[in-house]
Amino acid sequence: MKIVTWNVNSVRLRLSNLARLVEELDPDVICLQETKAHDDVFPTAGIAALGYPHQAIAGMKSYNGVAIVSRRPLTKTGTQHWCGKEDCRHVYATLPDGTEIHSVYIPAGGDIPDPAVNVKFAHKLQFLDDLAIWGGALAAKPKAKTARRILVGDLNVAPLETDVWSHKQLLKVVSHTPIEVEKFNKAQASGRWIDAVREIIPSEQRLYSWWSYRSSDWAAADKGRRLDHIWISEALRPSLTAATIHRAARGWDIPSDHVPVSITLED
DNA sequence: ATGGTCGCTTGGCGA
(Lines give C-alpha, C1' and ligand atoms only; values in the text may rest on other atoms or scores of the structure.)
Protein backbone atom coordinates (compact mmCIF):
# COMPACT_ATOMS: atom_id res chain seq x y z
CA MET A 1 0.00 0.00 0.00
CA LYS A 2 1.39 3.34 -1.03
CA ILE A 3 0.31 6.51 0.75
CA VAL A 4 1.08 10.01 -0.48
CA THR A 5 0.77 13.37 1.22
CA TRP A 6 0.84 16.56 -0.80
CA ASN A 7 0.17 20.22 -0.13
CA VAL A 8 -1.28 21.02 -3.55
CA ASN A 9 -1.90 24.73 -3.01
CA SER A 10 -5.32 24.66 -4.74
CA VAL A 11 -6.76 21.28 -5.66
CA ARG A 12 -8.73 22.71 -8.58
CA LEU A 13 -5.68 24.25 -10.23
CA ARG A 14 -3.63 21.09 -9.67
CA LEU A 15 -5.89 18.42 -11.18
CA SER A 16 -3.56 17.65 -14.09
CA ASN A 17 -0.63 17.42 -11.66
CA LEU A 18 -2.66 14.95 -9.63
CA ALA A 19 -3.19 12.90 -12.77
CA ARG A 20 0.56 12.90 -13.35
CA LEU A 21 1.16 11.87 -9.74
CA VAL A 22 -1.18 8.92 -10.18
CA GLU A 23 0.50 7.96 -13.43
CA GLU A 24 4.01 8.07 -11.98
CA LEU A 25 3.46 6.87 -8.40
CA ASP A 26 0.31 4.78 -8.51
CA PRO A 27 -0.68 5.50 -4.89
CA ASP A 28 -3.52 3.81 -3.04
CA VAL A 29 -4.29 6.80 -0.85
CA ILE A 30 -3.59 10.49 -1.45
CA CYS A 31 -3.80 13.00 1.40
CA LEU A 32 -4.07 16.63 0.39
CA GLN A 33 -3.60 19.95 2.15
CA GLU A 34 -4.33 23.52 1.13
CA THR A 35 -7.07 22.42 -1.21
CA LYS A 36 -8.46 25.97 -1.05
CA ALA A 37 -11.88 24.81 -2.15
CA HIS A 38 -15.18 24.71 -0.33
CA ASP A 39 -16.73 21.23 -0.31
CA ASP A 40 -19.29 22.44 -2.87
CA VAL A 41 -16.61 23.07 -5.49
CA PHE A 42 -14.19 20.23 -4.63
CA PRO A 43 -13.42 18.28 -7.85
CA THR A 44 -15.02 15.08 -6.57
CA ALA A 45 -15.82 13.66 -10.01
CA GLY A 46 -12.45 14.53 -11.51
CA ILE A 47 -10.58 12.79 -8.72
CA ALA A 48 -12.93 9.80 -8.80
CA ALA A 49 -12.14 9.52 -12.51
CA LEU A 50 -8.45 9.21 -11.61
CA GLY A 51 -9.36 6.11 -9.60
CA TYR A 52 -10.07 7.61 -6.20
CA PRO A 53 -13.84 7.47 -5.64
CA HIS A 54 -13.60 7.22 -1.85
CA GLN A 55 -13.12 10.71 -0.46
CA ALA A 56 -13.15 12.46 2.88
CA ILE A 57 -12.97 16.22 2.48
CA ALA A 58 -13.01 19.26 4.73
CA GLY A 59 -12.80 22.49 2.80
CA MET A 60 -13.62 26.15 3.10
CA LYS A 61 -13.59 29.06 0.71
CA SER A 62 -10.16 30.32 -0.38
CA TYR A 63 -8.05 29.13 2.57
CA ASN A 64 -6.75 25.89 4.09
CA GLY A 65 -8.71 22.72 3.33
CA VAL A 66 -7.69 19.05 3.66
CA ALA A 67 -8.76 15.81 2.03
CA ILE A 68 -8.13 12.07 1.85
CA VAL A 69 -8.90 10.36 -1.45
CA SER A 70 -8.58 6.63 -1.82
CA ARG A 71 -8.90 3.60 -4.07
CA ARG A 72 -10.02 1.62 -1.06
CA PRO A 73 -13.21 2.30 0.87
CA LEU A 74 -13.04 4.79 3.72
CA THR A 75 -15.04 4.47 6.90
CA LYS A 76 -15.27 6.41 10.17
CA THR A 77 -14.52 9.63 8.31
CA GLY A 78 -14.65 12.98 10.05
CA THR A 79 -13.06 16.31 10.74
CA GLN A 80 -11.49 17.63 13.89
CA HIS A 81 -11.27 21.25 14.94
CA TRP A 82 -8.23 22.74 16.66
CA CYS A 83 -7.59 25.80 18.80
CA GLY A 84 -11.28 26.64 18.91
CA LYS A 85 -11.36 27.38 15.19
CA GLU A 86 -13.30 25.75 12.38
CA ASP A 87 -10.69 26.30 9.70
CA CYS A 88 -10.48 22.86 8.03
CA ARG A 89 -7.05 21.64 9.04
CA HIS A 90 -7.73 17.99 9.88
CA VAL A 91 -9.71 15.24 8.22
CA TYR A 92 -9.46 11.54 9.06
CA ALA A 93 -10.64 8.17 7.80
CA THR A 94 -10.15 4.46 8.33
CA LEU A 95 -9.07 1.96 5.65
CA PRO A 96 -10.49 -1.56 5.29
CA ASP A 97 -7.51 -3.07 7.16
CA GLY A 98 -8.24 -0.84 10.14
CA THR A 99 -5.49 1.69 9.47
CA GLU A 100 -6.50 5.14 10.65
CA ILE A 101 -5.24 8.04 8.52
CA HIS A 102 -5.10 11.71 9.51
CA SER A 103 -4.45 14.46 6.97
CA VAL A 104 -3.32 17.57 8.84
CA TYR A 105 -2.39 21.12 7.91
CA ILE A 106 -0.63 22.98 10.71
CA PRO A 107 -0.74 26.82 10.54
CA ALA A 108 2.26 28.34 8.79
CA GLY A 109 2.67 30.88 11.56
CA GLY A 110 3.31 34.17 9.74
CA ASP A 111 6.66 35.90 9.57
CA ILE A 112 7.59 37.10 13.06
CA PRO A 113 8.53 34.28 15.46
CA ASP A 114 7.12 35.98 18.54
CA PRO A 115 3.71 34.88 19.87
CA ALA A 116 3.32 38.17 21.77
CA VAL A 117 3.18 40.26 18.59
CA ASN A 118 2.14 37.69 15.98
CA VAL A 119 -1.17 35.92 16.57
CA LYS A 120 -0.45 33.50 13.69
CA PHE A 121 2.68 32.30 15.43
CA ALA A 122 0.77 32.00 18.72
CA HIS A 123 -1.84 29.92 16.88
CA LYS A 124 0.84 27.64 15.48
CA LEU A 125 2.43 27.06 18.90
CA GLN A 126 -0.97 26.37 20.42
CA PHE A 127 -1.72 23.89 17.64
CA LEU A 128 1.54 22.04 18.34
CA ASP A 129 0.76 21.96 22.06
CA ASP A 130 -2.72 20.60 21.37
CA LEU A 131 -1.27 18.03 18.97
CA ALA A 132 0.93 16.77 21.80
CA ILE A 133 -2.06 16.45 24.13
CA TRP A 134 -4.12 14.66 21.47
CA GLY A 135 -1.26 12.31 20.62
CA GLY A 136 -0.68 11.59 24.28
CA ALA A 137 -4.29 10.55 24.66
CA LEU A 138 -4.04 8.27 21.61
CA ALA A 139 -0.85 6.66 22.91
CA ALA A 140 -2.46 6.08 26.31
CA LYS A 141 -5.33 4.05 24.88
CA PRO A 142 -5.40 0.36 25.89
CA LYS A 143 -4.77 -0.91 22.36
CA ALA A 144 -2.21 1.74 21.39
CA LYS A 145 0.54 -0.83 20.87
CA THR A 146 -1.35 -2.60 18.11
CA ALA A 147 -3.18 0.42 16.66
CA ARG A 148 -2.43 1.11 13.01
CA ARG A 149 -2.27 4.89 12.71
CA ILE A 150 -0.79 7.30 10.20
CA LEU A 151 -0.56 11.07 10.55
CA VAL A 152 0.52 12.95 7.45
CA GLY A 153 0.53 16.48 6.23
CA ASP A 154 2.05 19.88 5.88
CA LEU A 155 3.18 20.27 9.48
CA ASN A 156 5.03 23.49 8.63
CA VAL A 157 8.04 22.65 10.82
CA ALA A 158 11.45 21.46 9.60
CA PRO A 159 12.83 19.76 12.72
CA LEU A 160 16.34 18.62 11.81
CA GLU A 161 19.36 20.65 10.77
CA THR A 162 19.37 18.60 7.58
CA ASP A 163 15.73 19.48 6.96
CA VAL A 164 16.67 23.01 5.93
CA TRP A 165 19.16 24.50 3.51
CA SER A 166 20.92 26.40 6.30
CA HIS A 167 20.31 25.63 9.95
CA LYS A 168 22.15 28.73 11.07
CA GLN A 169 20.38 31.11 8.72
CA LEU A 170 16.95 29.75 9.57
CA LEU A 171 17.16 29.72 13.36
CA LYS A 172 15.02 32.86 13.50
CA VAL A 173 12.87 31.99 10.52
CA VAL A 174 9.40 30.61 11.22
CA SER A 175 9.34 26.83 10.55
CA HIS A 176 12.78 26.17 12.06
CA THR A 177 12.92 28.21 15.30
CA PRO A 178 13.95 26.32 18.47
CA ILE A 179 10.55 26.81 20.13
CA GLU A 180 8.71 25.31 17.16
CA VAL A 181 11.13 22.40 16.87
CA GLU A 182 10.84 21.72 20.59
CA LYS A 183 7.03 21.63 20.46
CA PHE A 184 7.07 19.63 17.24
CA ASN A 185 9.36 17.01 18.81
CA LYS A 186 7.20 16.91 21.90
CA ALA A 187 4.07 16.35 19.79
CA GLN A 188 5.81 13.53 17.94
CA ALA A 189 7.08 11.92 21.16
CA SER A 190 3.79 12.26 23.04
CA GLY A 191 1.95 10.41 20.31
CA ARG A 192 4.75 7.84 20.06
CA TRP A 193 4.87 8.69 16.36
CA ILE A 194 7.68 7.45 14.16
CA ASP A 195 9.03 9.74 11.43
CA ALA A 196 8.59 7.24 8.59
CA VAL A 197 10.66 9.18 6.06
CA ARG A 198 13.68 9.41 8.36
CA GLU A 199 13.35 5.69 9.13
CA ILE A 200 14.26 5.09 5.50
CA ILE A 201 16.40 8.10 4.58
CA PRO A 202 19.26 8.77 7.05
CA SER A 203 19.11 12.00 9.05
CA GLU A 204 22.55 12.95 7.74
CA GLN A 205 21.07 13.37 4.28
CA ARG A 206 19.58 16.74 3.39
CA LEU A 207 15.92 16.47 2.56
CA TYR A 208 13.40 19.10 1.49
CA SER A 209 9.73 18.97 0.50
CA TRP A 210 9.12 22.68 -0.13
CA TRP A 211 10.83 25.41 -2.14
CA SER A 212 9.53 28.96 -2.17
CA TYR A 213 7.91 30.39 -5.27
CA ARG A 214 9.96 33.52 -4.66
CA SER A 215 13.00 32.25 -6.43
CA SER A 216 13.93 32.66 -10.05
CA ASP A 217 15.59 29.24 -10.08
CA TRP A 218 14.44 27.05 -7.18
CA ALA A 219 16.58 24.07 -8.28
CA ALA A 220 19.83 26.00 -8.57
CA ALA A 221 19.32 27.91 -5.32
CA ASP A 222 17.93 24.78 -3.64
CA LYS A 223 16.88 26.69 -0.54
CA GLY A 224 14.35 24.12 0.58
CA ARG A 225 12.83 22.92 3.82
CA ARG A 226 11.23 19.61 4.85
CA LEU A 227 7.81 20.77 6.00
CA ASP A 228 5.73 17.78 4.91
CA HIS A 229 5.80 14.67 7.03
CA ILE A 230 4.52 11.13 7.42
CA TRP A 231 4.29 9.76 10.94
CA ILE A 232 3.31 6.16 11.68
CA SER A 233 2.44 4.25 14.84
CA GLU A 234 4.77 1.59 16.24
CA ALA A 235 2.54 -1.21 14.97
CA LEU A 236 3.21 -0.12 11.38
CA ARG A 237 6.97 0.10 11.62
CA PRO A 238 7.60 -3.53 10.56
CA SER A 239 5.49 -2.96 7.42
CA LEU A 240 7.39 0.14 6.28
CA THR A 241 9.50 -0.65 3.21
CA ALA A 242 10.01 2.63 1.38
CA ALA A 243 9.78 6.40 1.67
CA THR A 244 10.33 9.00 -1.03
CA ILE A 245 10.18 12.74 -1.46
CA HIS A 246 9.28 13.48 -5.05
CA ARG A 247 11.49 16.46 -5.72
CA ALA A 248 10.89 16.32 -9.46
CA ALA A 249 7.30 17.44 -8.97
CA ARG A 250 8.56 20.91 -8.07
CA GLY A 251 9.66 21.19 -11.70
CA TRP A 252 6.36 20.15 -13.26
CA ASP A 253 4.22 22.62 -15.16
CA ILE A 254 2.16 24.83 -12.85
CA PRO A 255 3.82 23.34 -9.76
CA SER A 256 2.78 23.52 -6.16
CA ASP A 257 5.52 24.93 -3.94
CA HIS A 258 5.36 21.62 -2.03
CA VAL A 259 6.14 18.18 -3.49
CA PRO A 260 4.49 14.83 -2.73
CA VAL A 261 5.93 12.64 0.01
CA SER A 262 5.14 8.93 -0.02
CA ILE A 263 5.62 5.74 1.95
CA THR A 264 5.05 2.11 1.10
CA LEU A 265 3.64 -0.35 3.61
CA GLU A 266 3.62 -4.06 2.85
CA ASP A 267 0.07 -5.36 3.17
C1' DA B 1 16.29 45.04 6.21
C1' DT B 2 13.82 44.03 1.96
C1' DG B 3 11.96 41.83 -1.91
C1' DG B 4 11.11 38.22 -4.54
C1' DT B 5 6.05 34.76 -6.50
C1' DC B 6 1.96 32.34 -6.21
C1' DG B 7 -3.60 31.43 -5.49
C1' DC B 8 -7.97 33.19 -4.52
C1' DT B 9 -10.40 36.78 -5.83
C1' DT B 10 -10.50 41.70 -7.44
C1' DG B 11 -8.09 44.49 -2.75
C1' DG B 12 -5.47 42.36 -0.08
C1' DC B 13 -4.51 38.27 2.63
C1' DG B 14 -2.06 34.16 3.41
C1' DA B 15 1.81 31.37 2.26
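Protein chains get the first letters and strands the later ones, always in sequence-line order, with residue 1 at the start of each.
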### Query
With a 4.5 Å limit on heavy-atom distance, are the side chains of A/Asn9 and A/Lys36 in contact?
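Counting from C-beta outward, A/Asn9 and A/Lys36 do come under 4.5 Å.
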### N/O donor-acceptor pair under 3.5 Å between A/Ser190 side chain and A/Ile133 backbone
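No; judged by distance alone, with no hydrogens or angles, the pair does not exist.
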### Task
Identify which nucleotide among B/dC8, B/dC13, B/dA15 has an atom closest to any side-chain atom of A/Ser10, counting heavy atoms from C-beta outward.
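Minimum distance to the A/Ser10 side chain belongs to B/dC8.
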### Query
Which value, in whole Å, describes the distance between the C1' atoms of nucleotides B/dA1 and B/dG12?
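To the nearest whole Å, 23 Å.
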### Message
Please report the distance separating the P of B/dG14 from the corresponding atom of B/dT10, rounded so that it comes out in whole Å.
### Response
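15 Å, rounded to whole Å.
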### Query
Which residue, A/Lys36 or A/Asp257, contacts DNA chain B at a nucleotide closer to its 5' end, judged by nearest heavy atom?
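Per heavy-atom nearest nucleotide, the more 5' residue is A/Lys36.
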### Query
For A/His258 and A/Pro255, take the nucleotide of DNA chain B holding the closest heavy atom to each; which residue's nucleotide lies nearer the 5' end?
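Here A/Pro255 is the residue nearer the 5' end.
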How long is the line joining [atom1] of [X] and [atom2] of [N], in whole Å?
X: A/Asn118; N: B/dG14; atom1: CG; atom2: P; value: 10 Å
X: A/Tyr63; N: B/dG7; atom1: OH; atom2: C1'; value: 10 Å
X: A/Arg250; N: B/dA15; atom1: CZ; atom2: C1'; value: 13 Å
X: A/Met60; N: B/dC13; atom1: CE; atom2: P; value: 16 Å
X: A/Gln169; N: B/dA1; atom1: CD; atom2: P; value: 14 Å
X: A/Ile112; N: B/dT2; atom1: CD1; atom2: P; value: 11 Å
X: A/Lys120; N: B/dA15; atom1: NZ; atom2: C1'; value: 8 Å
X: A/Asn64; N: B/dC13; atom1: CG; atom2: P; value: 16 Å

### Atom of A/Thr99, atom of A/Arg148 and distance for their closest heavy-atom approach
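That would be OG1-NE, 3.0 Å.
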### Task
Specify the residues of residues 208-226 of chain A, ordered by number, for which at least one heavy atom lies under 4.0 angstrom from an atom of DNA chain B.
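Nucleic-acid contacts, sorted: A/Tyr213, A/Arg214.
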### Message
Tell me every residue that passes ring pair (Phe, Tyr, Trp, His ring centres under 6.0 Å) with A/Trp165, counting only those two or more places apart in sequence or in another chain.
### Response
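For A/Trp165, no residue satisfies ring pair (Phe, Tyr, Trp, His ring centres under 6.0 Å) once neighbours in sequence are set aside.
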### Atom pair CZ (A/Arg89) and NE2 (A/His81), whose distance is rounded to the nearest 0.5 Å
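Rounded to the nearest 0.5 Å, the CZ-NE2 separation comes to 11.5 Å.
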#### Entry: Presence of salt bridge, A/Arg14 and A/Asp253, under 4.0 angstrom
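No, this pair does not count.
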### Query
Side-chain N or O of A/Lys61 less than 4.0 angstrom from OP1 or OP2 on B/dC8?
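No, outside the criterion.
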### Task
Report yes or no: do A/Trp252 and A/Asn17 form a side-chain donor-acceptor pair below 3.5 Å?
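No pair is found: no donor N or O on one side chain lies under 3.5 Å from an acceptor on the other.
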